[in-house]
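Data first, discussion second: the structure below is written as structure tokens.
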Amino acid sequence: LASEIVSLSENEKVESNHLSESRDELVSSQTAIRHEIQELDEHRSAISLVIPGRHLADYESKRKHIAGGAVAELHGPTCQSCHLDIARGELDAMKKLPADEFPECPNCGCYLVI
């Protein structure tokens with residue numbers, strides 16, 4: 001029993017060190033993530049200053065209701081948010097939109113990156 005107690009005590013010290021190192025890594029990672037979030041928030045705030053208010057309000061509204069995000073790419077005729085095809089006529093109309101209007105998927109409502 002004495003040798004087992006010594007062995008377990010040594011294992012406890014090793015595991016305690018591992019735990020301490022893991023906690024330090026966790027705190028470091030959390031600090032890095034908080035810093036990254038702060039940078040992204042600052043970047044987002046700067047970008048939002050150049051986006052017209054009506055577009056920003058629309059985006060925020062869509063973002064709350066669309067689980068995958070409010071902007072999706074268009075691959076061929078397929079929206080990458082809802083994965084449904086968009087009719088050729090609707091695609092042609094989207095390409096002719098003025099520069100101050102953004103194309104939206106007629107199926108899910110996401111803004112589309114064409």
Side-chain angles (χ1 to χ4, degrees):
L1 284 175
S3 67
E4 190 173 335
I5 289 173
V6 170
S7 175
L8 290 173
S9 179
E10 290 173 4
N11 284 346
E12 181 183 20
K13 290 177 186 176
V14 169
E15 294 305 321
S16 179
N17 287 338
H18 286 238
L19 179 62
S20 179
E21 290 171 4
S22 296
R23 283 185 181 148
D24 291 344
E25 287 178 25
L26 176 62
V27 169
S28 176
S29 295
Q30 288 173 329
T31 301
I33 289 170
R34 280 190 207 100
H35 181 69
E36 185 177 358
I37 289 171
Q38 181 180 0
E39 286 179 354
L40 291 171
D41 283 343
E42 290 170 3
H43 183 68
R44 184 180 188 281
S45 295
I47 289 173
S48 69
L49 293 175
V50 298
I51 297 174
R54 67 183 175 96
H55 290 307
L56 194 57
D58 281 348
Y59 170 78
E60 288 298 333
S61 175
K62 289 175 185 288
R63 191 171 67 97
K64 290 177 184 174
H65 300 292
I66 301 173
V71 178
E73 286 186 276
L74 188 66
H75 290 179
T78 307
C79 170
Q80 295 303 298
S81 176
C82 63
H83 304 286
L84 296 173
D85 286 349
I86 299 171
R88 190 67 168 145
E90 290 177 321
L91 288 174
D92 290 341
M94 286 179 198
K95 292 177 183 176
K96 294 177 184 176
L97 286 174
D100 65 336
E101 290 188 39
F102 301 121
E104 297 179 33
C105 175
N107 302 307
C108 68
C110 271
Y111 286 122
L112 293 172
V113 178
I114 298 178

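Only this structure's heavy atoms are used, side chains among them; waters, hydrogens and symmetry mates stay out. From a predicted model like this one, the values you see are computed outputs, not experimental measurements.
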Given 3.5 Å as the limit, does a donor-acceptor pair link the side chain of [X] with the main chain of [Y], or not?
X: S48; Y: S45; value: yes
X: T31; Y: V27; value: yes
X: S22; Y: H18; value: yes
X: S28; Y: D24; value: no

How far does [atom1] of [X] sit from [atom2] of [Y], to the nearest 0.5 angstrom?
X: H75; Y: Q80; atom1: NE2; atom2: CD; value: 4.5 Å
X: S20; Y: E25; atom1: OG; atom2: CD; value: 10.0 Å
X: L112; Y: L91; atom1: CG; atom2: CG; value: 8.5 Å
X: L40; Y: I33; atom1: CG; atom2: CD1; value: 11.5 Å

E36, CD atom: more than 12 neighbouring heavy atoms under 6.0 Å: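 Result for CD/E36: open.
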Enclosure of Q30 CD (heavy-atom neighbours >12, cutoff 6.0 Å):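 Atom CD in Q30 is crowded, with more than 12 foreign heavy atoms closer than 6.0 Å.
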Shortest non-hydrogen contact from [X] toward [Y]:
X: R63; Y: A70; answer: N-CB, 3.7 Å
X: E104; Y: G109; answer: OE1-O, 3.8 Å
X: C105; Y: I86; answer: SG-CD1, 4.3 Å
X: I114; Y: K95; answer: CG2-CE, 4.3 Å
X: H55; Y: D100; answer: NE2-O, 2.7 Å
X: I66; Y: C108; answer: CD1-O, 3.7 Å

Side-chain heavy-atom pair N107, E90 within 4.5 angstrom cut-off: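 Not in contact.
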Validation row: L84, C79 side chains within 4.5 angstrom (heavy atoms):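 No, too far: nothing below the 4.5 Å cut-off.
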Transitive ILVMFWY side-chain link V113 to Y59, under 4.5 Å: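 Linked within one cluster.
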Parallel, tilted or perpendicular, as decided by the 30° and 60° cut-offs, for the rings of Y111 and F102: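 Plane angle over 60°, so perpendicular.
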No-hydrogen, no-angle side-chain donor-acceptor test under 3.5 Å, E39 and H43: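 No donor-acceptor contact under 3.5 Å links the two side chains.
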Pairing residues for D41 by the salt bridge (Lys or Arg N to Asp or Glu O under 4.0 Å) criterion, not counting sequence neighbours: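 So D41 forms no salt bridge (Lys or Arg N to Asp or Glu O under 4.0 Å) with any residue.
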